[in-house]
Each structure stands twice: as C-alpha cells, then as structure tokens.
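Numbers restart at 1 for each chain; the letters A, B, ... are given by sequence-line order, proteins then strands. These numbers were taken from a predicted model, which means no experiment stands behind them.
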Amino acid sequence: MQQTNRVRFAPSPTGFLHIGGARTALFNWLFAQATGGKFLLRIEDTDTERSESRFTEDILESLRWLGLKWDEEPVYQSHRFDRHREVAADLMKKGLAYRCECTPAQLDAVRAQCQADKKPFRYPGTCRNKQLTAEGTVIRVHVPNEGETSFTDIIRGPITFKNSEIDDWVILRGNQVPTYNFAVVIDDHDLKITHVLRGEDHINNTPKQILLYKQLGFSVPRFAHLPMILGQDKAKLSKRHGAASTLEYRGMGFLPIALINFLVRLGWSHGDQEIFTMAELKAFFAIDRINKANAVFSLDKLTWTGGKMMEIVTAAELFDYVNQYFADSVAFLNEYPRDQVEEGIRIIQAKVKNVLDLIEQLNCLFGADPVHDLGSLKPGEGPGIVQTLREVEPILAQSDFSKADLEAKLREYATGKGIKLTPVAQAVRFAVTGGKVSPGLFEMLAVQGKERVLRRVKAAAK
RNA sequence: GUCCCCAUAGUCUAGAGGCCUAGGACAACUCCCUUUCACGGAGUAGACACGGGUUCGAAUCCCGUUGGGGACACCA
C-alpha cells in the first residue's frame, strides 16, 4: 500500500507573499494534485517580533486567489510552542541539548574576531559542558563534530556537508520561543510530511534539520530544493523588484491562471508547451522535470502569457471574475443584461492583454458617452472627421444595426466617395469611443446599439 | 572569507553520447493580413562560459578555471 504524499507550504508572515513564494506554493500544490496527495499550509510565525497578521492575510488571500486550496486546517506554529518546548526538554534530558548563557554581545565579539581572522563563525561551544539550569537562557543542540550528513535531493542528487561545518545552533531562544530550524522538524514530523519542496536557499539548513530528525528518532522526509526566481538584476527577489505581493498582479489585471502558467514555466517544462490548462498541469506536473538553474523573472513573458489566457477563458468566466474582483470599476455594467455584456466581452477579450484593459474597453462599449476632444487628433484631421460623421449619420440611421448591414452600408458609402474605408472607420470610431483604438468597428457598433451610436455620432459632429 | 548550489541566445527553456548544420517561446527587427489597436501568418538576427580529459564520436560524462546565485543570527 503506497502511502499518501503529504506536502506543505510553510511561509513566514514577516512579509507579503512574493512571487517566489507563490511558485513554491504552486509546485507543492501541483505535486499533491499530480500524485493524489495532500497539500497543507503552515504559518511559520516563530518570529514573534516581525510576524504580522496583515501578512498572514495577504498570504492566505494570495493562495485563495490563485486557487491553491489547502487540504487541512492551516497550522500556526505559534500555537504549538508547548510542543516545541517539550521536545527541547526531552533533548536536554537525553544530553543532546544544553543551556547557553553567552550574551549577544559576547557572540558578536567572537563573530567579529572570526571575520578578522577570515574564518567562518561558529559557536565555540563555550557552555557545552557547563550543565547550566537557569531559566531564560538559550538552548542549543549538540551537533557532532565528526562525520558527514548527506541527503539525496530529488532535484539535485546527493548533497553532503561536513558536520564540523555546523555549529551548536539555538533551538529555543531566551524567551523560550523555538527557532525556525527546530520548529520545522517537529512540525513536519507531527504533520507526517513526506516531501519537503522549498527554495534552494534552504539547502544549508537541511543538514541541521536532518541531524535533528535523527536525534529525535523521526523519519526523514524527502527533500527537493527548487531553483530561485531572481529579479531582472539577477539578485534574489526582494522589495525593490517591483511587486511586493502576489496580489499586486491581480491588481495589474492578470488572471490567476496567467500567473500560474508563467510561474510554472520558471524551472519546469513539458516539452515545448508554453500554455497549460489546470487539468493539463495536474496531469503533467512531475517533480523530476524541475530543473536546477535559477530563473529570471520577466514581465514581458508574463504579459504575453496574460494575453493568451484572456483568449482562452470564456466570456462568462471573465464576467464573473470582473464582478468578483473589480466590482467597483464595472458597476456601470449592472444596467445591462448579462447576455449583452458577455457579447461585449467576447468581441474584446482576444485583443486585450489583461482584465484592466478589458474593463477599459467595456467602458467604451457600455460606459458613459465619451468626450470628443478634437485637440487629441492630428492637426487638420478634425474638420474631415466632422464632415464625414455628418454624412454618415443618416446612413447609420437606416441600418438595422446587424454587423453585416453596418459593414455593407459603410463600405458602400466609402466606395461612393471614392475613398478607402479607413478614414470612415476612424471617424466613426472616434465618435463612438472618443479615441482611435477599439474592438472591430462593426461588431462594436452592433453591440452598442443604434440609439447610443447615433447619439454619440451627433455629439461628435457638432 | 568559508560552505553549498548552478551554468544552452537579452529572458524562459528543449536536449539523458551519435536523431544537433542545437528545437520551441518571450522580447527585437522585416514583411504579409487589416477599419484602429491587437491577434494571426511568413521570415531575419541571436546560445552550448572557458580549458583539459574520457570516447570512434560530447551541449550531453569527469576534472579544473571563470562566472552567477544562495547560506553563514536568540530571521525564516
């Protein structure tokens, strides 16, 4: 009987969920989906100073927006401190951990000395054999000096560290709050995590954790360290790299499926395929197809992916999406029947790159009448447009406003005048939108309807 | 500085020793389509970091160099 895979996404609420974290969550989620496993969420709020509930909210909302549903109740490490302390006490009892009374100032001095000597800093073991019992002191694990600790990373293969490179690190702070490396081991064990998929920046923590798993008699999970996502300057993603939160991409008008498609191709591939449906991702995702090299974030590629997804999603889905996340900016649609709005979406969606552009175009279809600023036109262009509109107005008045009839009548007019359709189309477009960019003219006019179009043409022809 | 990881075009990637005169995609440029903007179509330019091995044969394996990234806290 094959055991069920259990993975977790374990962000710390000390900042917004950036794009790298979002991809880590995505890969964990996809792995669970692809293998019929469970995807858990654990909030690593052991840094009581810097953790903030607004960050937790941001993380949860980001995951919800992306559709990465977690399978069990989220676990907060801060609710489990008693358990962590219990394990620390047990470790002390077994002589595998000890109290340390070195002050930060003393350690800083050692650190400075090491730096001066160009040697790596390691806790010198000052208190290792002091048998201190004072409450309120730090507790360290006793790490063996001899031997090596190695593991086989699913993505990278065997990785080995010399134990002598690892020092006796702190597991419980002076205030008796557990540190990250300590809490992870206990919580991953208690949650029966089978695979740990996390950023490459955790490779160095892994031997510390493995040593602890063994000291505690816990079985060690499998590890897969994902390549990082770097900023345009190829440095680790941080605040200065544009968007701080994944949610900002929602604000920019990207669909969640667009961000997912973009992120999944950073470090993972399935032949030459660039665009995937969710169903395809769930079917195709394989952990051994993840590559090792870091990837640079590209807004250009994301934008392209976003445009692709706008074409693939149905008008009905876009209607619902826009009303869910951009309710305020699409309030003007409420007076129209859903069918009509969806028809409008259909003629726009293939040409816009994101939801913001979609809304802008919807506004030109269904929003308030445009302002006709002749000054926005090229010099000398205005009079011709006004003239054309005056001549075209009676023609439009006779149309049944089907797409075909509108096109036939306007083409006939252009031919009769011995001119190309272009200036005629641009004149009407200007009248109807106040600008020079819009969906296809005839389908747009059909969607807008006779009354509105004639009103706008009259207004522009004044 | 020490340790760890990585290395195909500006960017994301395909490539598991001969299928590679290195394939796809984004971006760039050219042309076509066209009622605008997009889309779409056709093309152009652009890469196996370097040096040694191993092998009949290396983008693919090994070593070194260089380059990049990450970690070195009572942060995660």
Side-chain angles (χ1 to χ4, degrees), chain A residues 10-15 44-47 49-51 100 102-104 107-108 111 114-123 137-140 153 155-156 159-162 164-167 169-181 183-184 198-207 225 227-228 230 232 234-236 262 265-275 291-305 307-308 311 348 350-353 357 361 407 410-411 414 420-430 433 435-442 444:
Chain A
S12 70
T14 53
E44 311 243 314
D45 51 354
T46 54
D47 186 340
E49 299 280 304
R50 296 194 301 156
S51 292
C100 163
C102 296
T103 63
L107 294 172
D108 283 347
R111 200 169 288 126
C114 287
Q115 192 133 35
D117 297 345
K118 302 209 166 189
K119 284 195 296 199
F121 167 76
R122 249 163 237 130
Y123 175 71
T137 50
V138 141
I139 297 178
R140 292 178 184 273
D153 191 285
I155 296 171
R156 290 156 210 282
I159 299 177
T160 301
F161 290 84
K162 292 188 186 71
S164 59
E165 285 156 11
I166 306 167
D167 65 357
W169 49 284
V170 173
I171 58 174
L172 228 55
R173 302 171 167 94
N175 60 7
Q176 304 307 291
V177 170
T179 58
Y180 161 77
N181 279 304
V184 199
R198 58 182 12 168
E200 184 195 77
D201 48 342
H202 284 290
I203 291 182
N204 297 273
N205 289 323
T206 309
H225 289 95
M228 319 272 312
L230 309 177
Q232 303 276 347
K234 303 202 175 187
K236 191 179 182 180
F262 169 72
R265 289 287 289 104
L266 254 34
W268 179 83
S269 60
H270 182 75
D272 286 337
Q273 190 166 346
E274 293 287 345
I275 299 294
N291 58 202
K292 308 175 203 178
N294 295 165
V296 173
F297 179 90
S298 160
L299 191 57
D300 278 338
K301 181 79 179 283
L302 208 209
T303 302
W304 174 80
T305 309
K308 281 286 179 196
E311 297 173 37
I348 299 168
K351 23 192 323 135
V352 294
K353 299 236 183 261
D357 292 349
Q361 292 290 309
E407 175 156 11
L410 287 177
R411 282 195 187 277
K420 298 185 91 177
L421 182 61
T422 310
V424 180
Q426 282 303 75
V428 177
R429 193 186 313 282
F430 173 73
T433 70
K436 289 180 166 183
V437 178
S438 82
L441 184 68
F442 308 115
M444 171 171 65

Considering only atom [atom1], compute the distance from [N] to [M] and round it to an integer number of Å.
N	M	atom1	result
B:C62	B:G17	C1'	14 Å
B:G23	B:C61	C1'	23 Å
B:A76	B:A71	P	14 Å
B:C26	B:G68	P	30 Å
B:A9	B:A59	C1'	14 Å
B:A16	B:A22	P	16 Å
B:A49	B:U55	P	23 Å
B:A28	B:G64	C1'	38 Å

Can you tell me the distance, in whole Å, between the [atom1] atom of [X] and the [atom2] atom of [N]?
X	N	atom1	atom2	result
A:E311	B:G40	CD	P	6 Å
A:N291	B:C5	CG	P	17 Å
A:Q426	B:U35	CD	C1'	7 Å
A:E200	B:G69	CD	P	12 Å
A:I166	B:A73	CD1	P	14 Å
A:D201	B:G69	CG	C1'	11 Å
A:N204	B:G70	CG	C1'	7 Å
A:K353	B:G40	NZ	P	8 Å

Quick one: are [X] and [Y] in side-chain contact, heavy atoms under 4.5 Å?
X	Y	answer
A:K292	A:I155	yes
A:D47	A:Y180	no
A:L302	A:F297	yes
A:V428	A:F442	no
A:N205	A:W169	no
A:K301	A:F262	yes

Partner nucleotide of [N] by Watson-Crick or wobble geometry (both distances under 3.5 Å):
N	result
B:U55	none
B:A28	B:U44
B:C33	none
B:G67	B:C6
B:C20	none
B:C39	none
B:G1	B:C72

Using only modelled atom types and a 3.5 angstrom limit, is any donor from either the side chain of [X] or the base of [N] paired with an acceptor on the other?
X	N	value
A:R429	B:U35	yes
A:D272	B:G23	yes
A:N205	B:A76	yes
A:K292	B:C6	no
A:Q273	B:G24	no

Any base atoms under 4.0 Å from [X], or only sugar-phosphate, or nothing? Heavy atoms, all strands.
X	result
A:N175	nothing
A:H202	base
A:L410	nothing
A:R156	sugar-phosphate
A:E44	sugar-phosphate
A:V138	base
A:G267	sugar-phosphate
A:P439	base

Selected nucleotide, minimal atom distance to [X] side chain, candidates [options]:
X	options	value
A:D300	B:C26, B:C5, B:U2	B:C26
A:L441	B:U35, B:A76, B:C74	B:U35
A:W304	B:A25, B:C74, B:U36	B:A25
A:N294	B:G69, B:A76, B:U35	B:G69
A:P120	B:G1, B:U13, B:A76	B:G1
A:F442	B:U35, B:C37, B:A25	B:U35

Does [N] have OP1 or OP2 sitting under 4.0 Å from an N or O in the side chain of [X]?
X	N	answer
A:R111	B:C74	yes
A:S269	B:A14	yes
A:R173	B:A76	yes
A:T46	B:A76	yes
A:R411	B:U35	yes

**Study point:** Test applied, side chain to side chain contact (heavy atoms under 4.5 Å, CB included); reference residue, A:L441; option that passes from A:L421, A:L410, A:V424
**Key:**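 Testing A:L441 for a side chain to side chain contact (heavy atoms under 4.5 Å, CB included) against A:L421, A:L410, A:V424 leaves exactly one candidate, A:L410.
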
**Study point:** A:T103 or A:A350, whichever maps to the more 5' nucleotide of RNA chain B
**Key:**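 It is A:A350, whose closest nucleotide lies nearer the 5' terminus.
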
Practice item. Hey, which sits more toward the 5' end of RNA chain B by its nearest nucleotide, A:F161 or A:L172? Key: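 Nearest-nucleotide comparison on RNA chain B picks A:F161.
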
Point to revise | Check: A:D167 side chain, A:R122 main-chain N or O, donor-acceptor pair, under 3.5 Å | key: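 Looks like no, no N/O pair under 3.5 Å.
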
Review point. Got a second to check how far A:K119's NZ is from A:R111's CZ, nearest 0.5 Å?
Key: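 These two atoms lie 15.5 Å from each other.
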
Exercise for review: Over all heavy atoms of both residues, which pair between A:W268 and A:R265 is shortest? Give the atoms and the distance, please.
Suggested key: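 Residues A:W268 and A:R265, closest heavy atoms: O-NH1, 2.8 Å.
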
